[in-house]
Number of protein chains: 2
Amino acid sequence: MKNKDIIEKLLNKRLKVTPQRIAVMEAIEGLKNHPTAEKITGFVKIHHPNIATGTVYKVLETFVENKLVAKVKTEKDVMRYETHSEVHHHLYCSESDRIEDYEDEDLNILLKEYFNKKKLRNFRISDIRLQIIGKFTNNNSIKN
Amino acid sequence: MKNKDIIEKLLNKRLKVTPQRIAVMEAIEGLKNHPTAEKITGFVKIHHPNIATGTVYKVLETFVENKLVAKVKTEKDVMRYETHSEVHHHLYCSESDRIEDYEDEDLNILLKEYFNKKKLRNFRISDIRLQIIGKFTNNNSIKN
DNA sequence: ATAATTGCAAAAGCTTTGCATGGCC
DNA sequence: GGCCATGCAAAGCTTTTGCAATTAT
C-alpha cells in the first residue's frame, strides 16, 4: 500500500524502482522532524544492513533533483530532508533541533499580495519560505 | 576609523581585542555576498598569512555567540556569515550562490500583524525570516 | 541488451579539538 | 599575573567520488 505509493512516485518521475530507493523514501517518511542524512542512513541500515552509505547519499541527491524530497535549511550546519509537498514554512526551536511545518493559506495569500504590490526590481520570485524561530511551550503539535 | 568601530564592538561585548578578531571582522565586512567560512579564512590569510585557520573558526564561533555576526542558512549545505544587524530577510538566487539582504519595514509590520492575529499555540515567536528564492534579472542591487 | 544503479572503500572537504605558547587586561 | 586567545597539527565527521559488479526496464 504505502510501498505502492512510493513506487508510483518513482515511476512518475521516470526513475527506476530499486529496493534502495524505496528504503530511503520509507526512512524519510518514517522518521519525523526532518531527519538529517545521517539519521536516514541509520534508519536504512537497520532495515537493510546491506545498503551502502554512499548509495543513500546518491539516492537523496536523485530525490532532491527530482523534487521528491526537499532540503531544509537549519540554523546549524546540518542539512535536513523532508518529503516534498505543498508550499509550507517552518517553525524552528531555538533551544533544540526540533523543526515543524507551518502551513497557512492566509499567510501565503498575504505574502503574494505584498510582493505583487512591492514589485522587486531585478528579481523574479519563484518561492518564499518563512523561518519562524522561537520556543515550543509544550510537546504538542502547533496545529490548531 | 573602521578599525576603531570594530574595537568598540568588541569592547561592548567585553571581548578581548586581538589582531585576529579584527582581521576576521574586516574580512566579513570586506567580503560581500555573505561569505563562507572558507572565503573568510582565505581573505584573512591574504592579509595576515600567520593567522591560523582554526583560529578563524574559533573567532567566528565567538562572534556568533556574541551576536556580532550571524549565520545565514542556504539551500546548499555551506554555512555563510554576515555582520549582525537589523532584522532582515534574504533573497537567494536559485541559479548561483548570490545572496542579498532584503529589508522592508512594511513587510515586518505585515508579518507582525499576521502573527498577532493568528496566535500560534504552543509556540512563542522570537524571530521571523523570509527566504525569498528566485532569479536575479541583472547584476544590480535589488534596492529601489 | 544496455543504460542506470549499487556497493565498497578511499579520498575529499570542512570544521573541531587539544595543548603548549603567547598576548591582552 | 592570570586568564583568555592563538597556532599548529592531528583527528573527526559528513559527504563525495570512482569503478567494477549488479540490476531494472
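Every chain is numbered from 1, with letters handed out A, B, ... down the list of sequences.
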Interatomic distance, [X] [atom1] vs [N] [atom2] [rounded to whole Å]:
| X | N | atom1 | atom2 | answer |
| --- | --- | --- | --- | --- |
| A:Leu15 | D:dA24 | CG | C1' | 12 Å |
| A:Ile51 | D:dT22 | CD1 | P | 17 Å |
| A:Leu60 | D:dT14 | CG | P | 14 Å |
| A:Leu10 | D:dT23 | CG | P | 18 Å |
| A:Arg14 | D:dT25 | CZ | P | 13 Å |
| A:Lys71 | D:dT14 | NZ | C1' | 12 Å |
| A:Asn66 | C:dA4 | CG | P | 13 Å |
| A:Lys39 | D:dT14 | NZ | C1' | 14 Å |

Would you mind checking if A:Glu29 and A:Lys9 are paired as a salt bridge, meaning a charged N to carboxylate O distance below 4.0 Å? yes
Of B:Lys16 and B:Gly54, the one whose closest nucleotide on DNA chain C sits nearer the 5' end is B:Gly54
Whichever of A:Val56 and B:Thr18 has the more 5' nearest nucleotide on DNA chain C, that residue is A:Val56
[N] OP1/OP2 closer than 4.0 Å to side-chain N/O of [X]:
| X | N | value |
| --- | --- | --- |
| B:Tyr57 | C:dT15 | yes |
| A:Thr53 | C:dC8 | no |
| B:Thr55 | D:dG7 | yes |
| B:Gln20 | D:dA5 | no |

Testing D:dA24, D:dT14, C:dT6 for proximity to the side chain of A:Glu38, the answer is D:dT14
query = Is a donor-acceptor contact shorter than 3.5 angstrom present between the side chain of A:Lys58 and the base of D:dG18?
reply = yes
Assert: residue with more 5' nearest nucleotide on DNA chain D, out of A:Leu11 and B:Pro19, is B:Pro19
Note: for B:Arg21 and B:Pro49 on DNA chain D, the residue whose nearest nucleotide lies more 5' is B:Arg21
Here the gap from B:Leu107 atom CG to B:His88 atom NE2, rounded to the nearest 0.5 Å, amounts to 12.5 Å
So CD of B:Gln131 and CD1 of B:Ile99: to nearest 0.5 Å the spacing works out to 9.5 Å
Result for side chain to side chain donor-acceptor pair (under 3.5 Å) between A:Asn108 and one of A:Glu113, A:Glu103, A:His89 points to A:His89
Can you see whether A:Tyr92 engages B:Asp127 through a side-chain donor-acceptor pair at a distance of less than 3.5 angstrom? no
